[in-house]
There are 2 protein chains.
Amino acid sequence: MVKQKRVTSYDVAREAGVSQSAVSRVFRPGFSVSKKTREKVLKTANAMGYRPNAIARMLITQQSGMVAVIISSRANENYPEVLSQLNKNLSEKNKKVLLFTLDDSAGLDDVMEQIWTFQVDGVIALAAHFDHTNLEQFANHNVPVVLYNRHAPEANANSVCCNHDKGIKQLVDKLIETKHKSFLILSGPEDSDVANERREVAIDKLKYYGIADVPVIYGDYNYHDARHSFSQWAKDNPLPDAVIAANDIMAIGVIDEARENLNLSTPEDLSVVGFDGVLAASLFNYQITTVKQPLEQLTKAAVDMLLERIENPDSSPESRVLSGTFIEGQSVKPRTR
Amino acid sequence: MVKQKRVTSYDVAREAGVSQSAVSRVFRPGFSVSKKTREKVLKTANAMGYRPNAIARMLITQQSGMVAVIISSRANENYPEVLSQLNKNLSEKNKKVLLFTLDDSAGLDDVMEQIWTFQVDGVIALAAHFDHTNLEQFANHNVPVVLYNRHAPEANANSVCCNHDKGIKQLVDKLIETKHKSFLILSGPEDSDVANERREVAIDKLKYYGIADVPVIYGDYNYHDARHSFSQWAKDNPLPDAVIAANDIMAIGVIDEARENLNLSTPEDLSVVGFDGVLAASLFNYQITTVKQPLEQLTKAAVDMLLERIENPDSSPESRVLSGTFIEGQSVKPRTR
DNA sequence: ATTAATAATGACTTCGAATGCAAAAATTAT
DNA sequence: ATAATTTTTGCATTCGAAGTCATTATTAAT
């Protein structure tokens, strides 16, 4: 029942008969301490259960050792894995993850305030849409930023991004090859950069093949939205040959809505393609034709870039684009007519 | 290109013609400052872009304002949502989430060291299996702990837990009602407390109905493990009427394996029940009969309990158990024979 | 108007580790 | 053995806000 008092470096120093500086140096890698004192200090420190206080260290070194990871609350099926990977990669570099979720863009100012306050060493932003002003603010505060899955070569920030462009083109090519003639695009939300990119690339590529005025409907990247949007649209529009969904979950939503309420099977009556390569897309009953994002490489690249930038703040912004893997599923069937 | 120097409370004080203490008090809620000084300070602070330094504050107040959330890397489909909910609830109480992932129990010591180091205000542990010693250590360091989804009334820690017991019983009852006679249990990993509880309750309940020696196979809570375990088992064992899977994803794995490689349909040839109520379980092509965990309530309870404990460290440990919702899907069909 | 009570303020210390600097000790060179 | 060099060491200061305490300004009471 003893109110355990924290053991400080002074306590250890007194006990070991050395100065506080000596204790400090023992726990700082790469500082010169004689073997004798090192051992002496280590022994008493262990005996007393001493651990350096990270907070005090942060204050004096001006480095928190924490990286802010900002996640928009828009559920993306990949995030859990991305988050876990980021955390793993960052842990290996002795950085901790401080988590921020962003409900809407309104909250961004608040998040930024907090970020200054916590003196994080850097920021990895998943799907939060920062504008120029935001990025400038980060730059002014000397906080390096890596944008995850947002291609922003023009901005003064590092970014790592899956090659949505290429992936969408592969999917469209596939649909054209298999003689699909009419299309519907189920885009992600309009305030998502990734969604906009995927949609525009699809439109452009279809136009390239001579198919213009492709109808577009929207959904918030989730299953129920997809079902709802698609059923609304299907009410008073002719059925397309193929639906190009912004992600796998929405592709599944379309397939289910078609099956349950329109009595249409995929791929017999309707081809559907997705994007991301999440687990659900690979389930036997769906097997979506999609493009799998290279998550491990993306997260690893994000962390590497951030650390590079932290260590070398004046290195120029870099933008990495990694290609996904085209996965041929069972959700596309060649059209004969 | 100006190396922006941090603005401190001293800077603001000087500029506003007051003392540093005054500035500090303005930014501390509930401290007495005259309206005049408050306004003066706020104005200059804003003009200078001053934000109190959280690190310095932590050091002096001995409160980091951070809560460690420990997640085992074992992918649980619920975690992303749990994490996001926890973060949301904690943010509202002005706590930040510091994320720790735990690869295996070996890493626990390291995580605990870090936790002391960061002086977190409390810990929420998802699925990490702490033993008595661990919990004692937390107690010794005066770090309140809430165990999430682990029923531990004996331990000196708070816990919040879905009523797995009741849920499993409902599922078994359903299977018995519908005249299932032979069973197979697909348990989660043996080192997971939740998995063990779900398995044992199922075994007990079946025994209560006079069904003993129910075979048990194992899987690591994931799809591919489930498929593999089930196919191995099916090779040289008679098919059961029903499979009781430890979670929805494994239930889906069983259904897919049965369909793809054993040419069996669910529920015609094989009934399957899951647990959790994840999105995938509700997809049209699966519609698993399952029990949905009350995630929002669980996370809210976890946060409430933790904060209560932080504010009132001597309150006695509490254990809350919340019931899930039984969801009747299409994966169970009454047997006639 | 004078005293009593209350509110506001600033000087100074504190939290715990890191580090520049000068002094001391250990090592090497002569 | 002495000087020159290098390595260790400890003192004192720093990081930035919070809070204690004594002092001063303000308000209320008589």
Side-chain angles (χ1 to χ4, degrees), chain A residues 4-42 44-45 48-65 94 113-114 116-121 141-142, chain B residues 4-42 44-45 48-65 94 113-114 116-121 141-142:
Chain A
Q4 183 129 349
K5 232 206 116 220
R6 288 194 62 78
V7 182
T8 75
S9 56
Y10 284 97
D11 301 330
V12 177
R14 194 182 322 110
E15 196 75 13
V18 297
S19 74
Q20 180 267 332
S21 337
V23 177
S24 169
R25 279 190 276 257
V26 167
F27 285 90
R28 221 72 239 284
F31 272 71
S32 71
V33 201
S34 71
K35 200 158 65 154
K36 199 162 38 160
T37 24
R38 158 162 283 121
E39 277 164 9
K40 194 163 51 176
V41 168
L42 243 29
T44 39
M48 302 176 74
Y50 167 78
R51 292 296 125 199
N53 181 323
I55 313 280
R57 178 179 287 177
M58 290 179 204
L59 184 59
I60 188 72
T61 60
Q62 309 268 49
Q63 285 240 326
S64 68
N94 284 314
E113 295 255 310
Q114 297 210 47
W116 316 147
T117 279
F118 278 95
Q119 305 213 152
V120 300
D121 298 345
H141 284 255
N142 297 314
Chain B
Q4 184 127 349
K5 233 207 115 218
R6 286 194 63 77
V7 182
T8 76
S9 56
Y10 283 97
D11 300 330
V12 176
R14 194 182 322 111
E15 197 75 12
V18 297
S19 74
Q20 180 267 329
S21 328
V23 178
S24 170
R25 278 190 279 260
V26 168
F27 284 92
R28 228 61 247 282
F31 274 70
S32 70
V33 201
S34 72
K35 200 160 61 155
K36 200 164 34 157
T37 17
R38 158 162 284 120
E39 277 164 9
K40 195 164 48 175
V41 169
L42 243 29
T44 39
M48 301 176 75
Y50 167 77
R51 293 296 125 199
N53 181 323
I55 312 279
R57 177 179 288 176
M58 290 179 203
L59 184 60
I60 189 72
T61 60
Q62 310 267 48
Q63 285 239 328
S64 68
N94 284 314
E113 295 257 309
Q114 296 209 48
W116 317 146
T117 278
F118 277 95
Q119 305 214 150
V120 299
D121 297 347
H141 284 256
N142 297 314

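On a predicted model such as this, the values are computed, not experimentally measured, just so you know. So you know, we letter chains A, B, ... as the sequences are listed, proteins then strands, and number each from 1.
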Checklist entry - When we call it a touch if two heavy atoms are under 4.0 Å apart, what does Ser24(B) touch: a base, just sugar-phosphate, or nothing? => result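 Base, at least one base atom sits under 4.0 Å.
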Next on the checklist: Under 4.0 Å, counting only non-hydrogen atoms across every strand here, what does Phe31(B) touch: a base, just sugar-phosphate, or nothing?
Outcome noted: sugar-phosphate
Item to check | Residue list, ring pair (Phe, Tyr, Trp, His ring centres under 6.0 Å) with Tyr50(A), at least two apart or on another chain | outcome: Phe27(A)
Roughly how many Å is it from [atom1] in [X] to [atom2] in [N], rounded to a whole number?
{"X": "Phe27(A)", "N": "dA17(C)", "atom1": "CZ", "atom2": "P", "result": "9 Å"}
{"X": "Ile60(B)", "N": "dC12(C)", "atom1": "CD1", "atom2": "P", "result": "17 Å"}
{"X": "Arg57(B)", "N": "dT14(C)", "atom1": "CZ", "atom2": "C1'", "result": "16 Å"}
{"X": "Gln63(B)", "N": "dG16(D)", "atom1": "CD", "atom2": "P", "result": "22 Å"}
{"X": "Arg28(B)", "N": "dA8(C)", "atom1": "CZ", "atom2": "P", "result": "18 Å"}
{"X": "Ile55(A)", "N": "dG16(C)", "atom1": "CD1", "atom2": "C1'", "result": "11 Å"}
{"X": "Met58(B)", "N": "dC15(D)", "atom1": "CE", "atom2": "P", "result": "19 Å"}
{"X": "Asp11(A)", "N": "dC15(C)", "atom1": "CG", "atom2": "C1'", "result": "13 Å"}

Checklist entry - To the side chain of Pro52(A), which of dC15(C), dA17(C), dT19(C) is closest? => result dA17(C)
Checklist entry - Looking at the side chain of Leu59(A), which of dG16(D), dG19(D), dA17(D) is the nearest nucleotide? => result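 From the listed options, dG16(D) comes nearest.
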Checklist outcome for this item: Hits for side-chain hydrogen bond (donor to acceptor under 3.5 Å, both in side chains) against Ser34(B), two or more places apart or cross-chain, chain-then-number order -> Thr37(B)
Next on the checklist: My understanding is that only residues two or more places apart in sequence, or in another chain, count here; which of them pass side-chain hydrogen bond (donor to acceptor under 3.5 Å, both in side chains) with Thr44(A)?
Outcome noted: none
Item to check | Glu15(B) side chain near Met48(B) side chain, heavy-atom distance below 4.5 Å | outcome: yes
Checklist entry - Using a cut-off of 4.0 Å between protein heavy atoms and nucleotide atoms, how would you tag nucleotides 6-13 of chain D 5' to 3' with B, S and -? => result --SBBBB-
Item to check | Results of salt bridge (charged side-chain N to carboxylate O under 4.0 Å, His left out) for Arg14(A) - residues two or more places apart only | outcome: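 Residues passing salt bridge (charged side-chain N to carboxylate O under 4.0 Å, His left out) with Arg14(A): Asp11(A).
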Checklist entry - Who are the salt bridge (charged side-chain N to carboxylate O under 4.0 Å, His left out) partners of Glu113(B), not counting sequence neighbours? => result Arg51(A)
Next on the checklist: Just verifying a value: how many Å separate Arg38(A) CZ and Phe31(A) CZ, rounded to the nearest 0.5 Å?
Outcome noted: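 One finds 11.5 Å between CZ of Arg38(A) and CZ of Phe31(A).
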Item to check | Global bending angle along the helix from dA1(C)-dT30(D) to dT30(C)-dA1(D), which compares the axes of five pairs at either end, to 10 degrees | outcome: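 For the helix from dA1(C)-dT30(D) to dT30(C)-dA1(D), the axes at opposite ends meet at about 30°.
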Item to check | Test side-chain contact (heavy atoms from CB on, under 4.5 Å) applied to Glu39(A) - qualifying residues, sequence neighbours left out | outcome: Lys35(A)
Item to check | Test side-chain contact (heavy atoms from CB on, under 4.5 Å) applied to Ser24(A) - qualifying residues, sequence neighbours left out | outcome: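 side-chain contact (heavy atoms from CB on, under 4.5 Å) check on Ser24(A) returns Gln20(A).
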Item to check | Phosphate OP1/OP2 of dG16(D) contacted by Tyr50(B) side-chain N/O (<4.0 Å) | outcome: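 Answer no for this pair, as no side-chain N or O of Tyr50(B) is under 4.0 Å from OP1 or OP2.
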